[in-house]
Visitor: 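The following block contains the structure, expressed as structure tokens.
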Amino acid sequence: ERPTPALFLGRNYVVWQDNDGEWRVMPDACPHRLAPLSEGRIDRTANRIECAYHGWAFDAQGKCKMIPQMEGTSLRNALASPRSCIDSLPVAVHKSIIFAWPWGGVPTLGTGEGTPEAMLAGVADSASTYTRDLPYGWDSLVENIIDPGHVPWAHHGLQGKREDALPINMTMLSGADDQSGFSFEFQDRTMGKRRSGMGQFRAPYVVSYDAEFETLPGKPPSRPFKLTVVCIPTQPGWSRAIIFGFTGGDKKPKRRVAPLPPPATAKVEAEQQKRKTLISRVFGLFPVWFIHTLSSRFLDSDLAFLHYQEKELGRRQPKAVAQAYFMPAAADQPIDTLRQWLSKHAPVLGPLPSRIRDR
Ligand code: FES
Ligand SMILES: [Fe+2]
């Protein structure tokens, strides 16, 4: 019912839904005197977004349809001028996320990598999302999510315990050459159970995990670990994470360093199925705000590390980030690969736009 502001690479956008249910994304500055349209309102009678400052109004294509301070020929001339119009970006909606193409013209992506479909492969249509703006940049966020080594420490008591920490068996399945991202296999331990699976950086926005836990003697099997995080570069020093809670499985790790034994009998399978249903039922009982509170606690627990790590990195201004880090462990390999990937495929051509506002 109201327009919503959004940030991407330091630029402000307004997002709104027209009367046909189509999502519209436009630069968040009225062509008249640049007031934010996200502070305006949606005129449902005329199907327009209206600037709250002087009442100029725009249709879904961004064409100016009303300038209340004008009439007659001069109004017609002003409405016909491209200067009174605003861009309406190409938009795609996939798995309840609105994607927009801000680089002008039509999207040049094909059907392969980098598309919303490729990045969100394996996410169930019914997956719930949790969204949070974080006070550290996109690269720190991606670094953190492809780093299983910090979990027992930074998230002690939440998603692991310090006693879980061990040398992580890490194998890069691909290096930094591929523009579409890279993947790695890993074996670690969390909450006392060995975990084995694959992590993927699906360039440019998604990190996805698919792993399984060992079954301890006398204990029921654990639910597989599936996590998909969309990492959005909102503005310098800030990022937004969209975490998919319940992901379906249309993909499996291709190969594991030490495959876990398959369920021995139909009885075990039945037990797994029963447990799965029980977990979905139990999670269904929690209100969304409760699950979000837990997710917030999780992100809170290493927020300060990333925020200050990034500040320190900015202060040192190394030519390459790898010069500032000392990363001798196999567990550090994905971070090293990410930094190489960034310098190969995402060179910063000039200074990023300065911060516009803290929203
Ligand atoms: S700034 Fe939007 S109508 Fe004047
Ligand atoms: Fe005034």
Side-chain angles (χ1 to χ4, degrees), residues 1-94 96-108 116 129 131-135 137-138 205 230 232-240 242 348-359:
E1 288 309 307
R2 277 185 54 80
T4 303
L7 273 163
F8 181 71
L9 289 178
R11 304 275 156 85
N12 296 79
Y13 297 91
V14 56
V15 182
W16 62 286
Q17 195 171 28
D18 70 19
N19 286 2
D20 301 322
E22 298 293 331
W23 288 98
R24 304 293 174 183
V25 180
M26 301 169 167
D28 195 12
C30 174
H32 178 219
R33 291 214 321 254
L34 310 181
L37 289 169
S38 58
E39 295 294 332
R41 66 184 199 101
I42 299 166
D43 175 354
R44 286 289 170 215
T45 314
N47 193 19
R48 294 171 187 158
I49 183 166
E50 191 179 276
C51 180
Y53 198 1
H54 310 92
W56 288 33
F58 308 86
D59 69 11
Q61 281 68 45
K63 186 144 182 35
C64 186
K65 292 294 197 185
M66 181 166 76
I67 301 178
Q69 296 78 11
M70 298 179 82
E71 60 184 1
T73 314
S74 54
L75 171 64
R76 275 194 296 281
N77 288 343
L79 293 181
S81 165
R83 292 202 58 193
S84 67
C85 298
I86 190 159
D87 285 341
S88 186
L89 310 184
V91 166
V93 180
H94 190 58
S96 78
I97 294 187
I98 300 166
F99 291 81
W101 183 262
W103 287 285
V106 290
T108 49
T129 54
T131 300
R132 169 97 179 257
D133 285 307
L134 296 158
W138 172 90
Y205 302 125
V230 184
I232 303 166
T234 47
Q235 59 180 329
W238 288 83
S239 55
R240 171 172 287 191
I242 302 177
V348 177
L349 300 174
L352 287 168
S354 58
R355 182 178 299 176
I356 295 168
R357 62 179 187 217
D358 287 341
R359 280 181 72 158

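Residue numbers run from 1 in the order of the sequence given. Since we're looking at a predicted model, the values are computed, not measured. Ligands are counted one by one from 1 in listed order, and the atoms in each one are counted from 1 as well.
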Visitor: What is the number of protein N, O or S atoms that sit under 2.8 Å away from atom 4 (Fe) of ligand 1?
Guide: 2

Visitor: With a cut-off of 6.0 Å (strictly less than), are more than 12 heavy atoms of other residues, nucleotides or ligands near CZ of R44?
Guide: yes

Visitor: Please table the atom pairs, donor to acceptor, closer than 3.5 Å between any side-chain atom in residues 68-78 and protein atoms at least two apart or in another chain.
Guide:
| from | atom 1 | to | atom 2 | distance (Å) |
| --- | --- | --- | --- | --- |
| Q69 | NE2 | H54 | O | 2.9 |
| S74 | OG | E71 | O | 3.1 |

Visitor: Is a salt bridge present between D43 and R48, judged by a nitrogen-to-oxygen distance below 4.0 Å?
Guide: no

Visitor: Give, for atom CD of Q235 and atom CG of L7, the distance between the pair rounded to the nearest 0.5 Å.
Guide: 5.0 Å

Visitor: Could you state the interatomic distance from OH (Y13) to CE (M26), rounded to the nearest 0.5 Å?
Guide: 13.0 Å

Visitor: Write down the atom of W23, the atom of I98, and the distance for their closest heavy-atom approach.
Guide: CD2-CD1, 3.4 Å

